[in-house]
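Remarks on the structure that follows.
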Amino acid sequence: MKRIGVLTGGGDCPGLNAVIRAIVKTASDLDIEVIGFRDGFRGVVMNEFLPLAPKDVVGILIKGGTILGSSNRDNPYHFKTEKNGETVYADLSDQAVANIEQLGLDCTIVIGGDGTLSCADDFMQKGVKIVGVPKTIDNDLNGTDLTFGFMTAIDTATDALEKLHTTAESHHRIMVLEVMGRDAGWIALQAGIAGGADVVLIPEIPFTLEQVAKRIFERKNRGRTFSIIIVAEGAKPVGGQQVVKRIVSGSPEPFRLGGIGGEIARQLEEITGFESRVTVLGHLQRGGKPSAFDRILASRYGVAAVEMATQGQFGMMASLQGTAISTVPIAVAIKELKTVPPEGELVQTARSLGMSFGAP
Ligand code: F6P
């Protein structure tokens with residue numbers, strides 16, 4: 001193994017730089033050259049890359065974002081280009097594969113979530129040698145107990161809940177915190193437990209506002225004049241739909257969710273008479289420096305990815321299983337989304353702590 005490529009694709013998250021650093025350091029010890037593609041698969045299509053030596057990764061362990069750039073809208077199979085001043089979409093995947101071949105890469109390490117790794121899987125069918133690293137704040141990737149970036153997002157959301165508690169208490173309000181997570185409720189559920197939310201609304205358990213209001217009145221009867229609700233952006237009422245904020249055409253996952261928190265706050269104010277406010281945490285969850293936990297996990301994934309490459313474990317993704325780093329086929333990771341089991345231990349724990357899911 002002489003030369004490997006690395007790219008960071010999809011929505012960014014804290015810990016990407018820690019993985020890149022670990023890859024470069026490990027590869028350097030083995031005399032393997034590393035190049036990094038710019039902006040995910042966009043860089044592969046456009047042949048835009050930079051050499052990555054140990055000197056290039058000095059000081060990046062603690063930095064959020066990715067020194068390589070990322071994109072969650074560029075799809076090599078449906079790539080946005082311009083022709084005669086008009087926007088046209090074209091399949092440039094063969095061009096991307098040709099670029100990888102010309103660069104003489106013995107392996108390409110793809111750091112991404114299900115969208116990016118699905119693309120990587122397609123590239124494998126075209127003969128490209130790929131190793132995957134599981135990334136996303138959503139923690140919705142199958143085949144691994146944790147994606148890096150998730151725990152930092154939990155810390156951010158938990159901190160927001162703590163701050164909302166004090167102002168909710170002062171003003172006797174309902175405070176609704178909307179968090180990310182797409183179709184999975186992992187962020188809402190785990191931050192809800194860590195931050196002591198009264199109500200947690202997640203996509204996996206459709207809610208009714210009557211049930212949410214019931215919990216707020218129960219609290220009122222116990223002398224609690226405020227309530228904290230954490231809602232996942234993908235949560236939906238029984239028989240209702242998710243709220244779509246925008247559609248990003250050309251993106252592998254065009255629907256961007258958001259807005260459910262505002263709806264809930266408005267309707268709960270009418271039903272309960274409590275003044276209500278919404279906070280949409282948004283991209284704060286993706287920004288900033290990685291937590292110590294994520295720095296460690298990301299570093300372990302980076303080291304493992306290079307080892308997997310040198311062992312010829314192509315088509316595999318580094319994964320956390322229990323406390324050990326292991327490997328799973330990328331095909332398994334992208335087969336289905338890992339969502340919250342509605343009857344699982346975490347949900348039961350939250351229920352035992354008195355948290356409501358807005359459902360009986
Ligand atoms: O997948 C990560 C994520 O942050 C989701 O939680 C969220 O729905 C989406 O990306 C937001 O995407 P964008 O950065 O395009 O707004």
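In each ligand, atom 1 is the first atom listed, and ligand 1 is the first ligand listed. Along the sequence shown, residues are numbered consecutively beginning with 1.
For the pair Asp12 and Arg286, the salt-bridge criterion is met [side-chain N within less than 4.0 Å of a carboxylate O]. Taking a cutoff of 4.0 Å between a charged side-chain nitrogen and a carboxylate oxygen, Glu169 and Arg224 do not qualify as a salt bridge. A salt bridge between Asp122 and Lys126 is absent, with no side-chain N of the basic residue lying under 4.0 Å from a carboxylate O of the acidic one. The existence of a salt bridge linking Glu269 and Arg266 is excluded, since no basic side-chain nitrogen approaches an acidic carboxylate oxygen closer than 4.0 Å.
The only option from Val131, Leu141, Val133 that meets the side chain to side chain contact (heavy atoms under 4.5 Å, CB included) definition with Met317 turns out to be Leu141.
Without hydrogens or angle criteria, Thr147 side chain to Thr136 main chain gives a donor-acceptor distance under 3.5 Å.
Each of Asn72, Ile137, Asp138, Met180, Gly181, Arg182, Glu233, Arg256, His283, Arg286 has a non-hydrogen atom positioned under 4.0 Å from some atom of ligand 1.
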